[in-house]
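Take a look at the structure below.
Predicted model only: the values in this text are computed from it and were never measured. Counting starts at 1 for both ligands and their atoms, in listed order. Residues: numbered from 1 along the sequence shown.
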Amino acid sequence: MGLITLSGLTPSNSGIHLGNYFGAVRQWIDLQDQGGAHYFIASYHALTTVRSAEVLSSNISGIAMDYLALGLDPEKAVIYRQEDVPEVCELSWILSTVTPMGLLERCHAYKDKVAQGLSADHGLFAYPVLMAADILIVRSHRVPVGQDQKQHVEVTRDIAGKFNQTFAEVFPIPEPLIFEGQAAKVPGIDGQKMSKSYGNDLCIFDSEKKLKKKVMSIVTDSQGVEDPKNPEGNTICDLYKLVATEDQVAEMDDKMRATGIGYGYGHAKQQLFDSLLEYFADARTRRAKLEADPEQVEEILHEGARRVRPVIEETMDAVRSAVGVRSTHLTRD
Ligand code: ADP
Ligand code: TRP
């Protein structure tokens, strides 16, 4: 049997941003050619922040369309929604019984919230256990995620080891697949790491108008059009590198460094905006088509749920029998 790969995104905002794409999703697309790929929408995780049914359900269909438009291919990967495999909640409980409190207390999302003086919900505290359940329920070997999710995959490794030791060898120990380099920390429009929670993100499928407004508001220093500018560590240049050719990048660098040629940050932002639209042109066209055909998206998700089901049932049979519970098999569908 080949390697099983699993990853997912939380539909806690309305669309995939450049950080999500270059930090994670682009690698998923490369990996789907190797077979065994599972990509899901982590709806239950989003409940830790989204508390409107309308917003959540629209985010979920939005992310599904984003996945498909960007190139996740239902012929190559199993694409499904977390709520179509509710057994992850059952597994999450079982795993929580072998998860030390200290392991979760060290996790950053929870720790950060508590450090800010905010009270955290149990869901946020237990978030990494549910993530472990997502990974282990398909008995995944590798988990391609961005750097900031590495800790969660390490927690999963600990939990899987603990379960295997306590009950029976059910789970492979998954490896995080972390992609380094340019895309490891995509900057947002304020120069900090791009993140939906900082409101500094550029969403790939935003309207042209909104995208342009955001690109034009990228924070720069106060060098004027005739002044030389440093392209190193410059947010516009860093984003441009992701979507432009090497020649285009070299040309922008030269223009930035030049004195008295009338090339300002506004010009550079316009070039970045044009390149973004060009780079994602096909994806944007596909996204518009999918939006016009929500039934097609629903069918793909339904098929994903159907394909992942036998794996889920096999794992849960092994888990239930390892811990000593049995359930009457009620067939779904
Ligand atoms: P956000 O920070 O916007 O909430 P998530 O935490 O949902 O994003 O991240 C989803 C995936 O995208 C993760 O694998 C994460 O590592 C990756 N990712 C998010 N933001 C960036 C970024 N700015 N640069 C690189 N990768 C990122
Ligand atoms: N926590 C991940 C994020 O915010 C989403 C996620 C949930 C996930 N379960 C997962 C990622 C399992 C990889 C594997 O991006």
Side-chain angles (χ1 to χ4, degrees), residues 4-29 31 37-50 59-60 62-63 66-67 70 77-83 85 88-89 91-92 95 107-110 112-113 123-124 126-157 159-160 174-204 235 238-239 241-242 308:
I4 301 295
T5 303
L6 174 121
S7 199
L9 286 183
T10 309
S12 48
N13 70 340
S14 54
I16 289 184
H17 60 62
L18 290 182
N20 300 145
Y21 179 70
F22 288 105
V25 176
R26 192 176 51 165
Q27 287 77 21
W28 302 359
I29 294 163
L31 287 166
H38 295 71
Y39 301 124
F40 80 107
I41 301 167
S43 316
Y44 293 142
H45 284 93
L47 277 175
T48 58
T49 54
V50 184
N59 287 357
I60 294 168
I63 294 275
D66 291 2
Y67 277 0
L70 287 168
V78 185
I79 302 171
Y80 61 97
R81 286 178 290 229
Q82 198 175 29
E83 58 271 43
V85 289
V88 286
C89 295
L91 180 59
S92 178
L95 296 176
C107 286
H108 50 68
Y110 169 76
D112 293 351
K113 195 154 185 184
L124 188 69
Y127 183 110
V129 187
L130 181 56
M131 185 158 160
D134 296 326
I135 297 168
L136 299 177
I137 207 161
V138 298
R139 275 167 292 164
S140 176
H141 300 99
R142 47 189 197 173
V143 186
V145 281
Q147 182 64 36
D148 58 0
Q149 293 294 322
K150 187 174 178 202
Q151 186 187 38
H152 287 150
V153 184
E154 277 159 5
V155 167
T156 303
R157 291 169 58 84
I159 296 177
E175 294 285 341
L177 273 190
I178 310 291
F179 300 91
E180 312 290 347
Q182 184 66 27
K185 196 173 166 189
V186 176
I189 57 174
D190 59 356
Q192 306 297 311
K193 177 187 175 264
M194 185 176 290
S195 170
K196 60 194 167 234
S197 43
Y198 305 152
N200 63 358
D201 52 338
L202 293 169
C203 287
I204 296 170
T235 306
D238 285 347
L239 291 171
K241 278 179 203 139
L242 298 169
V308 77

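When non-hydrogen atoms are compared, ligand 1 lies under 4.0 Å from the backbone of Lys185 (N, CA, C, O) but not from its side chain. The residue Thr10 has no part lying near ligand 1, judged by heavy-atom distances below 4.0 Å. Under 4.0 Å from ligand 1, the heavy atoms of Ala24 that appear belong solely to its side chain. Of all the heavy atoms of Asn13, none lies under 4.0 Å from any atom of ligand 1, so neither backbone nor side chain is involved.
Checked against salt bridge (Lys or Arg N to Asp or Glu O under 4.0 Å), Lys196 has no partners two or more places apart in sequence or in another chain. Residues satisfying the salt bridge (Lys or Arg N to Asp or Glu O under 4.0 Å) test with Arg142, not counting sequence neighbours, are none. Taking Asp134 as the reference, nothing meets the salt bridge (Lys or Arg N to Asp or Glu O under 4.0 Å) condition, with sequence neighbours excluded.
Remark: ligand 1 and Val145 share no N or O pair separated by less than 3.5 Å (distance only, no angle test).
Atom 12 (O) of ligand 1 has as its closest protein heavy atom Asn20 ND2, 3.1 Å. Atom 24 (N) of ligand 1 has Val186 N, 2.9 Å as its closest protein atom, hydrogens excluded (heavy atom only). When hydrogens are left out, the protein atom nearest atom 15 (C) of ligand 1 is Asp148 OD1, 3.0 Å; that is the closest non-hydrogen contact. Of all protein heavy atoms, the one lying nearest to atom 2 (O) of ligand 1 is Ser195 OG, 2.9 Å. Looking only at heavy atoms of the protein, atom 5 (P) of ligand 1 is closest to Lys196 NZ, 3.9 Å. The protein heavy-atom contact nearest to atom 14 (O) of ligand 1 is Gly146 N, 2.9 Å.
Using a 4.0 Å cut-off to heavy atoms of Gly23, the atoms of ligand 1 that qualify are 25 (C), 26 (N). Per-residue contacts place Gln149 under 4.0 angstrom from the following atoms of ligand 1 (heavy atoms of the residue considered): 6 (O), 13 (C), 14 (O). Short contacts between ligand 1 and Leu9, defined as distances under 4.0 Å to a heavy atom of the residue, involve ligand atoms 10 (C), 11 (C). Below 4.0 Å from some heavy atom of Met194 lie the following atoms of ligand 1, by number and element: 20 (N), 21 (C), 22 (C), 23 (N).
The backbone N or O of His17 sits nowhere less than 3.5 Å from a side-chain atom of Asp201 that would complete a donor-acceptor pair. The backbone N or O of Ser7 lies less than 3.5 Å from no partner atom in the side chain of Trp28, so there is not a single donor-acceptor pair. At distances below 3.5 Å, at least one donor-acceptor pair connects side-chain atoms of Tyr67 with backbone N or O atoms of Phe40.
A donor atom on one side chain and an acceptor atom on the other are found under 3.5 Å apart for Ser197 and Ser195. Tyr127 and Thr10 share a side-chain donor-acceptor pair at under 3.5 Å. Looking only at atom types and distance, the side chain of Glu83 has a donor-acceptor partner in the side chain of Ser43 under 3.5 Å away.
Contact check on Asp148 versus Lys185 returns no salt bridge, with no Lys/Arg side-chain nitrogen under 4.0 Å from an Asp/Glu carboxylate oxygen.
Ile41 approaches Pro11 most closely through the heavy-atom pair CG2-CG, 3.7 Å. Nearest heavy-atom pair, Ala132 versus Thr156, reported as atom, atom and distance to 0.1 Å: CA-OG1, 3.5 Å. Closest of all the heavy-atom pairs between Leu31 and Leu177 is CD1-CD1, 3.8 Å.
Note: His108 and His152 meet the aromatic proximity criterion, with ring centroids under 6.0 Å apart.
Atom 21 (C) of ligand 1 has its nearest heavy-atom neighbour, among Gly19, Pro176, Ser12, Ala109, in Gly19.
The protein residues lying under 4.0 angstrom from ligand 2, judged by non-hydrogen atoms, are Leu6, Ser7, Gly8, Thr10, Phe40, Ala42, His45, Tyr127, Met131, Asp134, Ile135, Val143, Val145, Gln149.
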